[in-house]
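Each chain gets a letter, A, B and so on, in the order the sequences are listed, and its residues count up from 1.
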Number of protein chains: 2
Amino acid sequence: MAAPSSVSAAPTASPLFLREHEVRRGVELLFFGYTRLTRAIDDGLAEHGLGRAHHRALYFIARQPDLTISELLKILAITKQSLGRVLTDLAEKELVETRTGEVDRRQKLLRLTAEGVRFEAQLFDALRTSLASAYAAAGQESVTGFWRVLEGLIPAEDKAMVIALQKDI
Amino acid sequence: MAAPSSVSAAPTASPLFLREHEVRRGVELLFFGYTRLTRAIDDGLAEHGLGRAHHRALYFIARQPDLTISELLKILAITKQSLGRVLTDLAEKELVETRTGEVDRRQKLLRLTAEGVRFEAQLFDALRTSLASAYAAAGQESVTGFWRVLEGLIPAEDKAMVIALQKDI
DNA sequence: TAGATACGTCAATATGGCTGCCCCATCTTC
DNA sequence: GAAGATGGGGCAGCCATATTGACGTATCTA
């Protein structure tokens, strides 16, 4: 609706028609791409009796050592309860350890253990294999476009958090 | 590994280092982008007492009317049990209806009802709003790159299925 | 007619989310 | 120093979505 001005266009091949096609293509590719990428690590996780929720925590702790619980909660956007179970599992398997914060002793700083680092790196390798081959097939210019579109999907209030992640490495 | 020839490069800023950064960026943007996009329709679904699993079925039935159960199973890559519950819910709410296949009477052909079409279009509108603004911010060239990379993430054996979807509209 | 296929369904189980409520330790502010 | 805010932990119970394996029925194909 409300397509402005200069609409003497033919009823077929209207801008709205194209837009729908483009949007559906994006929705589908995101669905298949995301699910296929995550599937790449399911086996590795299952070997340790862990699930995807554990990987997400592991991943972001790897990315930002000495992350606090509340920072991780913001990133994952789940409840304290849900995260609690995941972190308990990871601690029991000695993949993650916590220290008391120095500036604020209420905080717990999360870190991977040596074994955690090893395990995360192993999982990351599966992700790297998938993504690197997609990058290579598409070419560097496409990769930049890929990032740009995805960045546009992140609401303004979350963008700072994502950018902060990418400053470190 | 196995970077060929002309590797007299400095040990810092090695290709591997860059590759890790680029891969982590992709993993994170995919995670945030995908979750934020799906979140855009949660409210609309909740109003009808439905979840994301229902939307996925609804979406692909909208996309390919007269889809069979087994085709939908392949697309969603879940079990018959899981899909069964979802389709039962959608049928009870009169959003989806089935007809017996004409060429093969064992098959059930899935279609949206008029109300189903209306509802799916409403949900799609939320997706369109999010994606269209990301597309617009990134520009057409980026959108093409976005598609290319995601296509590279889809394993060869699934690619035909995805392309088949995109032939219709 | 025999076997394969499409679909439905039973029971049991796992994962990963949620809410509401309450606790303690610690930091900040008045 | 007391009051309140904040960071973190935990209980109980629930829900959504997925899994496995086995079995039944209708229908198609060879």
In whole angstroms, how far is the [atom2] atom of [N] from the [atom1] atom of [X]?
| X | N | atom1 | atom2 | result |
| --- | --- | --- | --- | --- |
| D89(B) | dA16(D) | CG | P | 9 Å |
| I78(A) | dT19(C) | CD1 | P | 12 Å |
| I69(A) | dG9(D) | CD1 | C1' | 9 Å |
| K74(B) | dT5(C) | NZ | P | 11 Å |

Quiz item: Residues two or more places apart in sequence or in another chain: which of them pass ring pair (Phe, Tyr, Trp, His ring centres under 6.0 Å) with Y34(B)?
Solution: Y34(A)
Does [N] have OP1 or OP2 sitting under 4.0 Å from an N or O in the side chain of [X]?
| X | N | answer |
| --- | --- | --- |
| S82(B) | dT17(D) | no |
| S70(A) | dG8(D) | yes |
| T79(B) | dT20(D) | no |

Quiz item: Heavy atom of residues 97-111 of chain B under 4.0 Å from DNA chain C: which residues?
Solution: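 When residues 97-111 of chain B is checked for heavy atoms under 4.0 Å from DNA chain C, the hits, listed by number, are R106(B), Q107(B), K108(B).
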Self-check item: DNA chain C-proximal residues of residues 42-62 of chain A, any heavy atom under 4.0 Å
Solution: G51(A), R52(A), A53(A), H54(A), R56(A)
Quiz prompt | Pairs touching residues 49-59 of chain A that satisfy salt bridge (Lys or Arg N to Asp or Glu O under 4.0 Å), sequence neighbours left out | solution = D42(A)-R52(A)
Which residues pass the side chain to side chain donor-acceptor pair (under 3.5 Å) test with [X], not counting sequence neighbours?
| X | answer |
| --- | --- |
| D66(A) | R99(A), R111(A) |
| S142(A) | R148(B) |
| Y59(A) | E28(B) |

Quiz item: Is R19(B) salt-bridged to E22(B), cutoff N-O under 4.0 Å?
Solution: yes
Quiz item: Can E157(B) and K74(B) be counted as an ion pair, charged N to O under 4.0 angstrom?
Solution: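 No salt bridge links E157(B) with K74(B).
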Quiz prompt | From dT19(D), dG9(D), dC18(C), nucleotide with atom closest to K80(A) side chain | solution =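 Looking only at side-chain atoms, K80(A) lies closest to dG9(D).
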Self-check item: salt bridge (Lys or Arg N to Asp or Glu O under 4.0 Å) against E71(A), all qualifying residues, sequence neighbours excluded
Solution: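 Here no residue qualifies.
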Under 3.5 Å, which donor-acceptor pairs do the side chains of residues 84-95 of chain B form with other protein atoms, sequence neighbours left out?
residue: T88(B); atom: OG1; partner: G84(B); partner atom: O; Å: 2.8
residue: D89(B); atom: OD2; partner: H54(B); partner atom: NE2; Å: 2.8
residue: K93(B); atom: NZ; partner: H48(B); partner atom: O; Å: 3.4

